[in-house]
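In what follows, chains carry the letters A, B, and so on, assigned in the order in which the sequence lines appear, proteins first and then strands, with residues in each chain numbered from 1. Note that this is a predicted model, so its numbers are computed, not measured.
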Amino acid sequence: MSAEALGPKEVLKTIDYKPVKRSWLELTVEFRKGTYLYTPPRKLLDYLGLPNPRKWLPSEKDWQLPENWRQIILEGMKDRLSKYRSFQLFLDICVRCGACADKCPFFIGSGDPKNMPVLRTELLRSVYRKYFTTSGKLFGKLAGARELTEDVVKEWFYYFYQCTECRRCSVFCVYGIDTCEITMMARELLNSLGCGVNWIVDPAAKCYRLGNHLGLPPHGFKGVIDTAIEDIREITGIKVEVSLNRKGAEVLFVVPSADYFASPHWFTFLGYLMLFHEIGLDYTFSTYASEGGNFGFFHSAELAKRLNAKMYAEAKRLKVKWILGGECGHMWRVLHQYMDTYNGPADFLEEPVSPITGTKFENAKSTKMVHICEFTADLIYHNKLKLEPSRNDRWKVTFHDSCNMTRAVGLFEEPRYIIKNVCNYFYEMPENTIKERTFCCGSGSGIGADEHLEVRLRGGFPRANAVKYVRERYGVNLLACICAIDKATLPPLLQYWVPGVEVAGVHELVGNALVMKGEKPRVTDLRFQPLKGEEGEGDV
Amino acid sequence: MKVLYSLLAVIVLVLVAYVGVGLLGLHSLFGVMIPYAAGAVFIVGLVYRVLKWAKAPVPFHIPTVCGQQKSLPWIKANNIESPHNTWGVIARLALEVLLFRSLFRNERVELRRSEKLIFGGNKYLWLGGLAFHWCLFIILFRHLIYFMEPVPSVVLFVQDMDGIFEFAVPTLFLTDLVILIALTYLFLRRVIYSQIRYISLSSDYFAVLLILGVVISGVLIRLFYKVDIAAVKELAMGVISFRPTVPEGISLLFYIKLFLVSTLVAYFPFSKLVHGAGILLSPTRNLKNNSRMRRHINPWDYPVKVHTYEKYEEEFREAMKEAGLPLEKEN
Ligand code: SF4
Ligand code: SF4
C-alpha cells in the first residue's frame, strides 16, 4: 500500500495518532517499497575512503554488517558522547513530557509513534541506557534500556532517514532538545558500519571530485552559463556577462548546483544573473567550488568539512574580497553555523560591503559570506532597483520558510521584504506553520530520493496542508521559497496534495520584476510564459 | 503495568520506613544516617553529572533560532528568540527557566475529517508544569524555617502568604493544594493520553508517584497528625550542623516522609529529574545567533582529506582549456 498508489484521501485515512497497543520496544521494522532509501555502490565509498563498503540492500535480511559491528557502534557512541555536549545532554535530560510528539511533520503525516521526536531519540537513548548508565545496567527494561541488536540497527536506519533534521521539535522542547543532533549522530554511527544512502553518498562523491553534486564538469558548467545568457537575451534583449574562475573579482558567487541544472531553479538562476548585470556587480563563479550545498553534512561532520573546504580555498585562490551565496537551506545551515568552525578563519577575505549601497554586512564580518536575500533586500531598501511588480501579477504568492533558513539562520524578514516589493499579491500561510514553526518540505537532509516517495509525501503533508489553506482562501498559485531542495521536491509534493500551485525561487520573481536598462518590452516572464495582459498578443 | 510497578515501588518504600522506624525503632538510621547518605549521594552525583556535561565540548554553534536574526539595520532583530548579545541569551534562558517559554508555544495537532490539520492551543502541560515547579520552589523555600535560626523574615513572610487561606482550611497551604492538583494532572496525563502513555517509562511514573508520596505525607502530617515542630526543627538543625540528635516525639509519618524525601534526593542525579541542571547548558538555547559574526572554535578539530584545486585542474586541464577557462598551469 504505497502512498503513490493510493490517492491523498486514502493516505490520510491511514493516519491515526493513537499509538498501537504493543510497546515500541517489541516492534521491528518492515522495509516496504517507498519507505526506504537505496544504498550506495562500493566504488563511491571507496572513492571517498568511507568505511565498510559492500553490496547490500535494506530490504534484505542479512545486512552483512562487519563482524565487530557492535563494538564499532558502542565505541562510536562513547567517542561522540565525549565530543558533543549536545549528544550527552540530550540523551540525559529528556523528561518524556511529549511536548515534541505531534510537532514532527513525519509523525503528523504518518501517525507512526516512532516518528515522534521523543521516540526517535529513544531508539538510540535506550541503547545508551543499557551500555552507558548505571540505572540501565541495573534495571534493564524497567529503566527503558535495551540490547543493541541487528534489529535495532535496522530500526535506526529506517527512522533516522525519516527525519529531515528540520529541528521543529527543538523549538517546542523546554530544554531545546534537538532531535536533529541525535539523527546526525545516529547517521554517523550507521555510516561507520557502511550503512549509508546512495542519495547522499553519490552527490557527495561527485561534489568531491567535480565540485558540484550534479557532477557537472568544468566545461559543462561553461555550457550551462552560455545557455543562461542566451535565455536572458531572448527575454530581455540584453546580453549579460558572466565570468568563470576569474581572479581578482570582488565577489565569489556560490549557488547550489541545482540552480543551474534543474527546474524551476533555473529561473532563479536567470534572476541572479540579470540582477548582477543590472547593478554591475564585479563577481565570478568558480567551477571548482560550483556547489553551495553540502550533502556531506547529511553523512557526517567530517565529510561535510571535506566538501565545505573548497569554498574558502577557492575564494583564496581567486583573491576575491568576499563571498555571496545563493538560495539554499541546508547550504546556509552549514555556511551560517558550521563553515567558519570547519574551515575558517577566513582572514584572507575582507568584511563584506555592498559595492552598490556601501552597506556593511556586519552580521557576516567573520565568515565573510552574505546571503543573496540580505544583499538584494539592501539594494531594494536603498532604491537601487527599478521594479515592476505587476509583471508577477499572474502569481498569487505565498512564502515557504525553509527549516534551515529560519531555525538555523533566522532569515525571516529579508525574503518577505523582497517579495512584497516585487509582487502585488502576497499571502501568508497560518502562523503555526511559518517562521520558527515552519514545516519542512519532507525531503531535506538527503532523503528526497524517488524511491522514498511515500515517506516524503507523508512528511511533506503538513506543509502542503497549509498551502492548501491559502489556496482555498486566497487562490494562491505560487509558493516562493529560497531553498534548492524545496524547489526540487515541493513541486511533486504539491502536485500530489494541492494541484495547481507552482514553486519558484524569490530571485525568479526579482528577475521578472526587474526593469533593466535598455531592455526590450517584455512579453514573457522568465519561464517564457506570457505576462498577464500580454496573453494572446504578439506571436507567443 | 508500568504504573503498577512504580506504585509498588513507592509502597515498598513506605513499608520499609514503617518497618524500620515503627517496628524496629531505627530512629537514628532513618532520621540521620539515611538522610546524610542521601545528601552525600545527591551532591556527589549532581556535581559528577554537571561536570560531565560541562566538560563535554560544544564543537559547533547550533542555537535553535526562533526569531529574526540581526542583519540589516532597518530590519528589527529579535534579541530574545535569536539572541545576538549576552543580554539576549540571559533573557532567553530566564524566560525558559522561569516561565517555560518553549512549552508555552505548545499546540495540539488534530487531523479533522481525515483532511484538515487543525492546530489547537494546548497550554495545560505548560500550566501544570509551571504550577508544579513554582510550588515546589516555594515549598522548599518555606522549609527553610526548619533549618535556620533565627528564621529570616522573608521566609516567614512567604509562609504567611502561602497560608493565606488558613482561615478557611486550617493548616493547608495554598502551594500544597496547587502542587497536589498539578502532580495529579501530570500523573493522569501519562495514564490517559495514549501518546504520552506510549512514550512513558516506569521511571516516569515512579518519579511522579514518589513526589506525590512526599507531598501527601507532608499534608497528612499537617492536617491530621500534629507534628512537634520544635522536635523536627531540633532534628533538622542537628543534621545540618553535623551534631545530629534524635529528639523524642516525632511521629512515624514524619519518618516515612523523610525516607521518601531521602530516596528522591538520592535518586535525583541519576534520573531524568536532573533536567533542571541541564537546561542552562543546552547549546541550542544558550548560544547567540552570531556565528557569522564571530568564529566558533571546535576544540577537537582535526585536518581532513580534501580534493585540492590542483588535483581538480590536473584532471580537467584539457577540457578547461578548450572551454576557455583560466588555468593555473598552462600544461
Ligand atoms: S519536548 Fe523535550 S523533554 Fe519533552 S519529550 Fe520532547 S524531547 Fe523530551
Ligand atoms: S528534526 Fe524535524 S523531522 Fe527530525 S524529529 Fe525533529 S521535527 Fe521530526
Side-chain angles (χ1 to χ4, degrees), chain A residues 12-13 15 18-19 83 85-86 88-89 93 95-96 98-99 101-102 108 113 118-119 135 142-144 167 170-176 178 208 217-219 222 244-245 288 302 305-306 309 317 336-338 340-341 344-345 363-367 374 378 407 409-410 412-413 432 436 462 465, chain B residues 53 56 58 60-62 64-72 74-75 82 100 102-103 105-107 109 111 114 117 119 125 194-196 198-204 270 272 275 278-279 281-285 289 291-296 298 300 304 306-307 309 312 316 319-320 323 325-326:
Chain A
L12 291 180
K13 287 214 179 83
I15 300 176
K18 245 171 115 173
K83 278 182 168 169
R85 183 190 298 164
S86 53
Q88 174 83 61
L89 194 70
I93 60 176
V95 294
R96 281 165 303 284
D102 53 1
I108 298 175
V118 45
L119 270 199
S135 60
L142 266 185
R167 311 174 85 211
S170 144
V171 169
F172 293 89
C173 173
V174 198
Y175 316 111
D178 184 3
Y208 193 65
H219 42 298
K222 176 81 174 29
L244 293 176
N245 297 353
Y288 167 70
E302 181 169 316
K305 182 176 166 182
R306 289 170 68 187
R317 188 183 74 86
H336 185 79
Q337 296 198 321
Y338 290 82
D340 215 352
T341 307
N363 62 325
K365 68 176 178 216
S366 176
T367 28
E374 296 163 352
D378 174 64
R407 290 187 281 263
V409 184
F412 290 42
E413 297 307 330
N432 318 60
E436 77 278 5
N465 200 254
Chain B
W53 290 335
V58 179
F60 302 114
H61 201 86
I62 52 162
T64 304
V65 177
C66 297
Q68 170 64 37
Q69 66 163 345
K70 181 170 160 55
S71 59
L72 299 163
W74 47 273
I75 294 180
S82 167
F100 298 3
S102 293
L103 210 49
R105 266 190 265 261
N106 197 22
E107 60 202 13
V109 174
L111 187 59
S114 286
L117 284 179
F119 299 88
L125 176 58
S194 54
Q195 286 173 13
I196 314 296
Y198 201 70
I199 61 174
S200 294
L201 297 170
S202 304
S203 56
D204 297 324
F270 304 100
K272 64 166 192 179
H275 59 257
I279 176 165
L281 290 169
S282 182
T284 55
R285 289 285 185 270
N289 179 20
S291 40
R292 271 191 290 156
M293 292 181 228
R294 279 194 58 168
R295 180 163 185 246
H296 179 101
N298 172 2
W300 48 260
V304 294
V306 296
H307 192 67
Y309 177 80
Y312 170 83
F316 295 105
M320 288 173 81
L325 294 170

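- Contacts between A:Lys18 and chain B at a heavy-atom distance below 4.5 Å involve backbone atoms as well as side-chain atoms.
- Residue contact with chain A, scored on non-hydrogen atoms closer than 4.5 Å, involves the backbone and the side chain of B:Asn298 alike.
- Atom CZ of A:Phe172 and atom SG of B:Cys66 lie 8.5 Å apart (nearest 0.5 Å).
- The ring pair (Phe, Tyr, Trp, His ring centres under 6.0 Å) check on B:His307 picks up A:Tyr208, with sequence neighbours excluded.
- A donor-acceptor pair is defined here as one N or O able to donate and one able to accept, closer than 3.5 Å; no such pair exists between the side chain of A:Gln88 and the backbone of B:Trp53.
- For B:Trp300, the part lying under 4.5 angstrom from a heavy atom of chain A is the side chain only.
- For the atom pair CZ of A:Arg96 and CD1 of B:Ile199, the computed distance is 8.0 Å after rounding to the nearest 0.5 Å.
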Do A:Asn363 and B:Lys70 pass the side chain to side chain contact (heavy atoms under 4.5 Å, CB included) test, and can you show the C-alpha distance, the side-chain angles, and the key distance before you say yes or no? CA-CA 7 Å; A:Asn363 62 325; B:Lys70 181 170 160 55; 5.7 Å; no
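- Contact check for B:Gln69 versus A:Val409: side-chain heavy atoms found under the 4.5 Å cut-off.
- To the nearest 0.5 angstrom, B:Lys272 atom NZ is 12.5 Å from A:Ile93 atom CD1.
- No hydrogens or angles considered: nothing links the side chains of B:Gln195 and A:Asp102 as a donor-acceptor pair under 3.5 Å.
- Expressed to the nearest 0.5 Å, how far CE of B:Met293 lies from CG of A:Asp340 amounts to 12.5 Å.
- Ranked by heavy-atom pairs shorter than 4.5 Å toward chain B, the options A:Gly344, A:Ser86, A:Pro217, A:Ser135 are led by A:Gly344.
- To the nearest 0.5 Å, atoms CZ (A:Arg407) and OG1 (B:Thr284) are separated by 12.5 Å.
- The aromatic rings of A:Tyr338 and B:Phe60 are tilted relative to each other, their planes meeting at an angle between 30° and 60°.
- For B:Tyr309, the parts lying near chain A are the backbone and the side chain together; criterion is any non-hydrogen pair under 4.5 Å.
- Shown here for B:Glu107 and A:Asn432, the closest heavy-atom pair between the two residues is OE1-ND2, 3.2 Å.
- Using a 4.5 Å cut-off between heavy atoms, A:Ile108 touches chain B through its side chain atoms alone.
- In this structure, no portion of B:Ser82 lies under 4.5 Å from any heavy atom of chain A.
- No other option in A:Leu12, A:Ile15, A:Val95 has as many heavy-atom pairs under 4.5 Å with chain B as A:Val95.
- In terms of the ring pair (Phe, Tyr, Trp, His ring centres under 6.0 Å) criterion, A:His336 has no residue partners (sequence neighbours excluded).
- Proximity of B:Ser282 to A:Leu89: side-chain heavy atoms (C-beta onward) are separated by under 4.5 Å at one or more points.
- If you measure heavy-atom distances from A:Asn465 to chain B, the contacts under 4.5 Å come from the side chain alone.
- Interface summary for chain B: among A:Lys365, A:Lys83, A:Lys13, A:Glu436, the most heavy-atom pairs under 4.5 angstrom belong to A:Lys83.
- Shown here for A:Leu142 and B:Ser202, the closest heavy-atom pair between the two residues is CD2-OG, 3.4 Å.
- Chain A forms the most heavy-atom pairs under 4.5 Å with one residue out of B:Arg295, B:Arg105, B:His61, and that residue is B:Arg295.
- Residues A:Arg167 and B:Ile62 come closest through the heavy atom pair NH2-O, 2.8 Å.
- Side-chain atoms of A:Val174 and B:His275, non-hydrogen and from C-beta on, never get closer than 4.5 Å to each other.
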For B:Arg285 and A:Ser170, what are the C-alpha separation, side-chain angles and deciding distance, and is it a side chain to side chain contact (heavy atoms under 4.5 Å, CB included)? CA-CA 10 Å; B:Arg285 289 285 185 270; A:Ser170 144; 4.2 Å; yes
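- No other option in A:Asp178, A:Val118, A:Asp378 has as many heavy-atom pairs under 4.5 Å with chain B as A:Asp378.
- Your options are A:Pro345, A:Ala309, A:Pro462, and the one with the most heavy-atom pairs under 4.5 Å with chain B is A:Pro345.
- Here the closest heavy-atom approach between residue B:Ser291 and residue A:Thr367 is recorded as O-CG2, 4.5 Å.
- For chain A, the option among B:Leu117, B:Val306, B:Leu281 with the highest count of heavy-atom pairs below 4.5 Å is B:Leu117.
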Dump the intermediate steps for side chain to side chain contact (heavy atoms under 4.5 Å, CB included) on B:Thr64 and A:Val171, then the final yes or no. CA-CA 7 Å; B:Thr64 304; A:Val171 169; 3.9 Å; yes
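- In this structure, CG in B:Leu103 is found 8.0 Å from OH in A:Tyr175, a value given to the nearest 0.5 Å.
- Put simply, of B:Ser203, B:Ala319, B:Ser200, the one with the most heavy-atom pairs under 4.5 Å next to chain A is B:Ala319.
- At a 4.5 Å heavy-atom cutoff, the contact between B:Ile196 and chain A is made by side-chain atoms alone.
- Ranking B:Phe270, B:Phe100, B:Phe119, B:Tyr198 against chain A, the residue ahead of the rest is B:Tyr198, based on heavy-atom pairs under 4.5 Å.
- Residue A:Ala143 touches chain B through its backbone alone, counting heavy-atom pairs closer than 4.5 Å.
- For B:Arg294, the part lying under 4.5 angstrom from a heavy atom of chain A is the backbone only.
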